[in-house]
Amino acid sequence: MKTKIGGKELIEEAAELIRKGEVVAFPTETVYGLGADAFNAEAVAKIFKAKGRPADNPLIVHLFSKDQLNKVAKDIPEEAYILIDIFTPGPLTLILNKHPDIPSITTSGLNTVGIRFPNNELARMLLSKSNTPIAAPSANISGRLSPTTGQAVYEDMDGKIPMILDGGKSQVGIESTVLDLTKKPYTILRPGAISASMLVPYLLEVKNFKGEVKVAASPGMKYQHYAPKCICVGAKLQDRAIMHYKKIANDKCNRPVIIGNLNFIKDLPVNIETLSLGDSVEECMSSFFDTLRYAEKKYNYIILQNFGDFPDFFSLNNRIEKATSHIIV
Ligand code: AMP
Ligand code: MG
């Protein structure tokens with residue numbers, strides 16, 4: 001299959017593909033999504049196939065307007081409307097009870113559905129013009145780094161889907177916060193740019209999910225995510241990162257790199273290869289996946305700063321822990 005890639009000029013064609021039951025990749029403010037008509041089971045099956053996604057990992061259903069809520073969910077609690085008014089369109093996914101019209105493949109057989117209103121011009125145009133809720137996971141091959149540019153989607157999806165809408169770099173850069181509103185206490189199943197402390201004023205109590213995932217609240221949590229192709233380990237301290245780098249560099253087959261925020265890499269010896277994620281937490285989140293995609297091509301051993309001691313970096317560190325398989329040197 002030939003994969004077309006382009007911007008706004010392709011929007012009508014993209015919407016037509018969605019209506020016809022095809023798959024289109026599109027930008028969102030979090031990461032790029034791989035979308036299909038959420039009501040069309042055959043179309044949704046094509047997403048699982050293109051990604052190689054396990055059938056028990058449900059998709060998030062993307063909406064254009066609040067009017068669509070009652071078509072995809074039922075028994076919606078009052079708090080959902082409050083959070084939607086305050087935080088959306090934006091990087092927040094709400095888990096609600098599923099409407100029977102949503103085919104079970106979309107939610108991997110769960111009786112709940114994740115919904116989100118993305119805040120990206122092309123995503124909103126696509127949702128509005130295709131006139132249907134769009135089920136979309138991240139547009140990477142399953143288990144790989146999430147894509148935050150059209151080029152990254154192209155690397156993973158070329159020849160597998162008919163179209164990629166390219167809207168440049170995703171601004172937020174890590175996947176949405178997933179909040180379960182189907183049972184109390186309301187629980188964050190996946191941390192993202194909208195934190196527990198931002199949600200607390202509207203919910204009284206909200207928990208960050210901790211613990212092992214078996215038959216999961218958020219089934220996706222049991223899979224390894226966000227992993228670079230090469231070895232990737234974490235380091236909390238600069239000295240430890242340098243020591244490990246030197247040890248690794250002794251073997252001439254290794255091409256190591258240290259990746260961290262500006263502060264972490266700024267005074268490192270000049271003969272050490274480094275990549276900066278940026279300064280603020282927002283910058284670091286936004287550049288994270290793209291920096292790892294760049295690094296895994298140029299290097300074969302990544303030493304990645306672990307921000308476990310910095311509460312502001314909680315959500316980004318969740319991705320870092322996964323990329324490094326929880327290894328700290
Ligand atoms: P992705 O779009 O690839 O970032 O994956 C979507 C995430 O949302 C995965 O971690 C899913 O497990 C989670 N998710 C989607 N729908 C549900 C649901 N109904 N209940 C719990 N988690 C969900
Ligand atoms: Mg994903």
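Note: hydrogens, waters and symmetry copies are ignored here, and every other heavy atom, side chains too, is used. When a ligand or atom number is given, it counts from 1 through the structure's own listing order.
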Check the pair Tyr301 / His244 against ring-ring contact (aromatic ring centres under 6.0 Å, His included), numbers first and verdict last.
CA-CA 11 Å; Tyr301 201 114; His244 194 72; 5.6 Å; yes
Determine whether Ser146 and Arg319 satisfy the following criterion, side-chain hydrogen bond (donor to acceptor under 3.5 Å, both in side chains), listing intermediate values before the conclusion.
CA-CA 10 Å; Ser146 294; Arg319 298 343 184 242; over 6 Å; no
Given the rule in the side chain to side chain contact (heavy atoms under 4.5 Å, CB included) test, do Tyr299 and Leu275 qualify, once you have shown the distances and angles that lead to the verdict?
CA-CA 11 Å; Tyr299 305 97; Leu275 287 172; 4.2 Å; yes
Hey, mind stepping through Tyr245 and Thr274 against side chain to side chain contact (heavy atoms under 4.5 Å, CB included) and telling me if it holds?
CA-CA 11 Å; Tyr245 183 102; Thr274 60; over 6 Å; no
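Under 4.0 Å from ligand 1, not a single heavy atom of Val31 appears. Residue contacts with ligand 1 for Thr112 involve both N, CA, C or O and side-chain atoms from C-beta outward (heavy atoms, distance under 4.0 Å). Looking at Arg190 against ligand 1, only its side chain comes within 4.0 Å, counting heavy atoms.
Here Arg255 does not pair with Glu273 in a salt bridge; the nearest charged N to carboxylate O distance is not below 4.0 Å. Between Lys71 and Asp101 there is no salt bridge, since none of the side-chain N atoms of the basic residue sits less than 4.0 Å from a carboxylate O of the acidic one. The pair Glu29-Arg116 meets the salt-bridge criterion, since a charged nitrogen lies less than 4.0 angstrom from a carboxylate oxygen. With salt bridges taken as basic N to acidic carboxylate O contacts below 4.0 Å, none links Lys266 and Asp279.
Taking a 4.0 Å cut-off on heavy atoms, Thr107 fails to register as neighbouring ligand 1. Under a 4.0 angstrom heavy-atom cut-off, Asp180 registers as lying outside contact with ligand 1.
Atoms of ligand 1 found under 4.0 Å from any heavy atom of Asn57, numbered from 1 in the order shown, are 9 (C), 11 (C), 12 (O). Under a 4.0 Å criterion applied to the non-hydrogen atoms of Val113, ligand 1 contributes the atoms 19 (N). The ligand atoms of ligand 1 that sit less than 4.0 angstrom from a heavy atom of Leu110 are 18 (C), 19 (N), 20 (N). Remark: ligand 1 atoms within the under-4.0 Å shell around heavy atoms of Ile95 are 17 (C), 18 (C), 20 (N), 21 (C), 22 (N), 23 (C). Ligand 1 places these atoms under 4.0 Å from at least one heavy atom of Leu59: 15 (C), 16 (N).
Look at Ser138 and the Mg ion (ligand 2): an N/O/S atom of the residue is under 2.8 Å from the metal.
If you check each of His62, Arg53, Lys51, Glu175 against atom 3 (O) of ligand 1, the one with the closest non-hydrogen atom is Arg53. Comparing heavy-atom distances from atom 14 (N) of ligand 1 across Pro137, Gly114, Pro58 singles out Pro58 as nearest.
Take Tyr202 and apply the ring-ring contact (aromatic ring centres under 6.0 Å, His included) test, not counting sequence neighbours, and it matches Phe87.
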